[in-house]
Amino acid sequence: MPVRQHLHDSLLLGDDDTPLARMRLRDDDDGTAVAADVRPLPEAPLTRLVAQVRRDLAGHRLETPDEALAAALVADGLKLDRAATDMRHDLTGVPEPVALPDGWSLGAPGWDDDLAAGLDAAYGPDHPDGRWQPSDTEEVRAMFDTGEPVPPLVPASARLIDPDGRSAGHVLCAGPVPWTDDDCVWILNLGVAPRAQRRGFGRALLVHALRGAREVGLPSVGLSVVDGNPARRMYDAAGFRVLTRVLTVRIPDA
């Protein structure tokens, strides 16, 4: 396979050893092979790069910030699985905690059946991120039970508790995390059950995460927001900036 390690990156080479793209290779915890941050090199013909990707990265999940490469892969018959924006907040101008209505509170992070039901309802079939899956529940439970794949960052995480003591949403953070180059707090999930939406609770959870990140001394907060997610407006208003685009295409097995 003509892939050559180059410092912390790898180079995708043509059959004549011409460098075509720079990328980072890794295996996710579920065993998925990932070619991340794939960036075509100057003067690399896209048609040649697409052919080399299909052959040498077969079976990989490819992630690229390059719109032209993603479009060329789609034009070659592949499917764009996800289009998202990675964002960062540098923790300057962090707001004061959001006042909650009487009876509502932010409690210790955790997982329970009410939260599972609320997120299942929040992530319906029309949500830009797709439905909440049983595997999502299993992953969150594992974070609390075993600390895998990453442990929750408790000061930046919280559950939204309603006046009856039931969980109605949460923000779940970890950090630092192995999939970013910077030592940031990463917001893994921020969700509010439909019965508690449109009352400012999402912003309250987001501000809690920002303040918790500052408390533990990490320099920034990161997240990924999929195209079409209305939460993007909340992140922009809170002071997050765009870091990069992440366009995901699964390369079929050869």
Donor on one side chain, acceptor on other, R88 and S220, under 3.5 Å
no
So, R82 and S224: side-chain donor and acceptor under 3.5 Å apart, yes or no?
yes
Between atom CD1 of I187 and atom CG of L206, what is the distance when rounded to the nearest 0.5 Å?
5.0 Å
Closer than 3.5 angstrom, by distance alone: can the side chain of R54 be matched with the main-chain N or O of D76 as a donor-acceptor pair?
yes
Could you tell me the separation between the CZ atom of R232 and the CG atom of L223, rounded to the nearest 0.5 Å?
9.5 Å
side-chain contact (heavy atoms from CB on, under 4.5 Å) between L46 and L69: does it pass, once the steps are laid out?
CA-CA 7 Å; L46 275 180; L69 173 57; 4.2 Å; yes
Any donor-acceptor pair under 3.5 Å from H127 side chain to G124 backbone:
no
Nearest atoms (heavy-atom pairs only) where G14 meets Q52:
CA-OE1, 3.7 Å
Okay, side chain of R211, backbone of P95: is any donor-acceptor separation there less than 3.5 Å?
yes
Return yes if a side-chain donor-acceptor contact under 3.5 Å exists between T32 and R61, otherwise no.
no
CA sep, side-chain torsions, deciding dist, call: W111, D145, side-chain contact (heavy atoms from CB on, under 4.5 Å):
CA-CA 10 Å; W111 190 256; D145 292 344; over 6 Å; no
Do P65 and D37 come within less than 4.5 Å of each other through their side chains, counting heavy atoms only?
yes
Mind listing the closest non-hydrogen atom pair of C173 and A156 along with its distance?
SG-O, 3.3 Å
Any donor-acceptor N or O pair under 3.5 Å, side chains T180, W186
no
Answer yes or no: are there more than 12 heavy-atom neighbours, outside D113 itself, under 6.0 Å from its atom CG?
no
Say whether D16 and T18, considering side chains only, have a donor N or O and an acceptor N or O under 3.5 Å apart.
yes
What's the verdict on side-chain contact (heavy atoms from CB on, under 4.5 Å) for M87 and V225, showing C-alpha distance, side-chain angles and the deciding distance?
CA-CA 8 Å; M87 307 185 77; V225 58; 3.8 Å; yes
Checking the side chain of D162 only, and the main-chain atoms of R166 only, is there a donor and an acceptor separated by less than 3.5 Å?
yes
Can a side-chain donor-acceptor contact be found between T248 and D81 if the only test is distance below 3.5 angstrom?
no
In terms of heavy-atom contacts, P40 and V38 come closest through CD-O, 4.0 Å
Does some side-chain heavy atom of V177 sit less than 4.5 Å from a side-chain heavy atom of V185?
no
Sub-4.5 Å side-chain heavy-atom contact between R131 and Q133:
yes
Once rounded to the nearest 0.5 Å, what's the spacing between atom CG of L78 and atom CD1 of I251?
5.0 Å
Measuring only between side-chain heavy atoms, which start at C-beta, is L160 closer than 4.5 Å to H170?
no
Close side-chain approach of C184 and H89, heavy atoms under 4.5 Å:
no
Evaluate the side-chain proximity of E67 to L247: yes if any heavy-atom separation is below 4.5 Å, no if none is.
yes
To the nearest 0.5 Å, what is the distance between CG (L49) and CG (L41)?
8.5 Å
Within one Ile-Leu-Val-Met-Phe-Trp-Tyr cluster: L115 and L100, side-chain cutoff 4.5 Å
no
Are any side-chain N or O atoms of T64 and backbone N or O atoms of D66, one a donor and one an acceptor, separated by less than 3.5 Å?
yes
Of all heavy-atom pairs linking R26 and A36, the shortest is NH1-CB, 3.4 Å
Side chain to side chain donor-acceptor pair (under 3.5 Å) evaluation trace for D86 with T244
CA-CA 5 Å; D86 277 7; T244 187; over 6 Å; no
To the closest 0.5 Å, what do you measure between CG (D120) and OG1 (T137)?
7.5 Å
Minimum-distance pair of heavy atoms, taken over all atoms of W104 and A196:
CH2-CB, 3.9 Å
If the threshold is 4.0 Å, N to carboxylate O, is there a salt bridge linking R24 and D181?
yes
Salt-bridge contact R241-D236 (side-chain N to carboxylate O under 4.0 Å):
no
Can you get from L119 to F201 by hopping between Ile, Leu, Val, Met, Phe, Trp and Tyr side chains that sit under 4.5 Å apart?
no
Hey, mind stepping through D227 and R245 against salt bridge (charged side-chain N to carboxylate O under 4.0 Å, His left out) and telling me if it holds?
CA-CA 10 Å; D227 289 5; R245 293 281 286 156; 2.7 Å; yes
Would a 4.5 Å heavy-atom cut-off, applied to side chains only, mark V34 and E63 as touching?
yes
Using modelled atom types only, decide if a donor and an acceptor are shared between the side chain of H208 and the backbone of P97 within a distance under 3.5 Å.
no
Non-hydrogen side-chain atoms of D90 and P219 separated by less than 4.5 Å
no
Flag for N189-Y123: side-chain donor and acceptor within less than 3.5 Å:
yes
Quick test of your reading of the model: are D253 and R55 salt-bridged, counting only N-O distances below 4.0 Å?
no
Quick check on the hydrophobic clustering: are L190 and V150 connected, directly or via other members, by side-chain heavy-atom contacts under 4.5 Å?
no
Search all heavy atoms of G110 against all heavy atoms of R159 and return the closest pair with its distance.
O-CD, 3.6 Å
In terms of hydrophobic clustering (I, L, V, M, F, W, Y; side-chain heavy atoms under 4.5 Å; direct or indirect links), are V74 and V50 co-clustered?
yes
Within this structure, what is the CG-CG distance for the pair L205 and L172, rounded to the nearest 0.5 Å?
11.0 Å
Among the clusters formed by ILVMFWY side chains lying less than 4.5 Å apart, do L62 and L80 turn up in the same one?
yes
